[in-house]
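Reading through the structure tokens given below for one structure.
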Amino acid sequence: MASCLANNRTREAIKYCVECQGYCCKECTDIHNGLPGLKGHALLDKSNYKSSSLQAGLPAVPTERCSIHQTKIVDMYCGNHDEVGCTTCMALNHRSCADVQSIPDIVDSKFQTTDVDKIHQTLQDIKMMIEKIIKSKQRLIEDLKKSKTEAVMAIKDFRKDMETILEQLEKESIKELEMKFIEEESKLLEEKKAETELDGLKQAVNDLKKSEGNKAQQFVSLKLSLKSIAETEDVSCSLQTSVDADISFSFDPAILEFLEQLKTFGSVQHDSATDLRSPKTTVYSVTRIENLKIRVHNDTQTCCVYGSCLSEDGSLLLADNCNKKIKRTDIAKMSVADDCSVPAGPVGVCCTSKSEAAVCLNNKTI
């Protein structure tokens with residue numbers, strides 16, 4: 001039967017091999033009879049094995065191999081620890097146990113078929129629970145993958161928003177640059193006056209040359225030329241003050257400094273999956289804040305509370321370190337009900353029963 005089990009086959013057992021400690025089907029029995037090394041094995045059948053507890057007439061012996069000592073059969077039971085094992089396991093781990101017996105000897109008294117049904121049902125219940133947990137975990141993994149995809153899309157959308165802002169900043173910067181260019185270009189276009197003055201000078205030179213031989217005309221041309229020279233000198237002075245034909249852009253270094261300090265666009269939020277076997281925790285919020293005066297008439301130092309706890313009756317115990325006292329306060333009346341002096345400064349207090357509390361002192365005592 002062991003070879004059948006190893007090959008994942010189920011067949012009716014007709015023999016039991018004492019040496020192999022296992023059941024044999026007809027094919028396994030033929031192998032035993034055919035191999036020289038197995039011919040000496042004792043094969044028992046229904047006719048030569050007596051047991052009132054066996055329906056099939058074959059011996060009720062375990063066939064399970066020990067997971068630790070794989071050459072041994074799990075055929076021993078320790079009643080002290082309610083554990084099964086092979087003979088080696090019992091010799092090593094249960095040597096001092098008094099109730100160690102062979103399983104075939106005690107199976108009729110210890111084993112009830114109803115126990116199998118109970119264990120089977122328990123196994124089924126646990127199996128269903130594990131399957132439920134696996135399905136829940138798989139659903140959580142799918143939700144996690146979905147949330148990751150959504151987070152990646154959010155990052156990409158955020159970048160698009162940034163690109164939109166950057167594009168707007170780029171447009172405004174170029175617009176400002178264009179306005180500055182037009183302003184500077186208009187200044188440089190004023191140099192056309194020089195061309196006009198140059199034409200006037202050329203005309204004065206020609207007029208002065210043509211007036212040769214006519215002193216009266218030469219005198220007029222001379223005076224007009226002097227006037228042109230004076231006007232040209234004034235214009236040239238204004239033209240020489242023009243700025244250089246250059247324009248540039250200086251970026252704001254604070255923008256790059258800010259971006260270089262960033263590692264990511266933001267922070268990754270993670271909501272841990274709640275344990276399927278544990279209740280969810282509750283998030284509390286502050287609904288009211290009250291001032292509680294805890295100074296009593298015989299306090300010699302400024303009150304300094306190092307620890308606190310609530311008692312079963314609703315009182316609040318406070319560890320006043322500087323005054324070496326445990327003070328019990330009435331929260332409803334917002335006042336100190338009574339106090340108790342301790343040998344040293346208390347640094348912590350914890351209720352241990354309805355009428356007792358453990359106090360940790362700064363002299364390393366409780």
How far does [atom1] of [X] sit from [atom2] of [Y], to the nearest 0.5 angstrom?
X      : Y      : atom1 : atom2 : answer
Thr88  : Lys72  : OG1   : NZ    : 4.5 Å
Asn321 : Cys303 : CG    : SG    : 11.0 Å
Ile294 : Asp339 : CD1   : CG    : 10.5 Å
Asp117 : Thr122 : CG    : OG1   : 10.5 Å
Ile326 : Ser308 : CD1   : OG    : 10.0 Å
Ser315 : Asp330 : OG    : CG    : 6.5 Å

With side chains defined as the heavy atoms from C-beta onward, is the minimum distance between [X] and [Y] less than 4.5 Å?
X      : Y      : value
Pro104 : Pro62  : yes
Glu83  : His94  : yes
Met179 : Ile182 : no

Donor on one side chain, acceptor on other, [X] and [Y], under 3.5 Å:
X      : Y      : value
Asp125 : Gln121 : yes
Asp82  : Tyr77  : yes
Gln168 : Glu172 : yes

[X] to [Y] - nearest heavy-atom pair and separation:
X      : Y      : result
Leu292 : Ser335 : CD1-N, 3.5 Å
Lys327 : Arg295 : NZ-CA, 4.1 Å
Val100 : Met76  : CG1-CE, 3.9 Å
Asn80  : Cys97  : OD1-CB, 3.3 Å
Lys26  : Ile14  : CA-CD1, 3.6 Å
Lys324 : Pro346 : CA-CD, 3.8 Å

Membership question, hydrophobic clusters at under 4.5 Å side-chain separation (ILVMFWY): are [Y] and [X] in the same one?
X      : Y      : value
Ile134 : Met129 : yes
Ile331 : Leu317 : no
Val268 : Phe158 : no
Phe251 : Leu169 : no
Val347 : Val359 : no

Quick check: are there more than 12 heavy atoms from other residues, nucleotides or ligands sitting under 6.0 Å from [atom1] of [X]?
X      : atom1 : result
Glu356 : CD    : no
Gln70  : CD    : no
Phe265 : CZ    : yes

Donor-acceptor check, side chain of [X] to backbone of [Y], threshold 3.5 angstrom: yes or no?
X      : Y      : answer
Asn323 : Asp299 : no
Arg65  : Thr71  : yes
Asp75  : Ser102 : no

State whether [X] and [Y] are salt-bridged, where the test is any N-O pair (Lys NZ or Arg NE/NH1/NH2 against Asp/Glu carboxylate O) under 4.0 Å.
X      : Y      : value
Glu184 : Lys180 : yes
Lys325 : Asp320 : no
Glu163 : Arg159 : yes
Lys146 : Glu142 : no

For this session: Could you check Glu178 against Lys175 for side-chain contact (heavy atoms from CB on, under 4.5 Å), going step by step and ending with a plain yes or no?
Result: CA-CA 5 Å; Glu178 290 287 353; Lys175 181 179 177 181; 5.7 Å; no
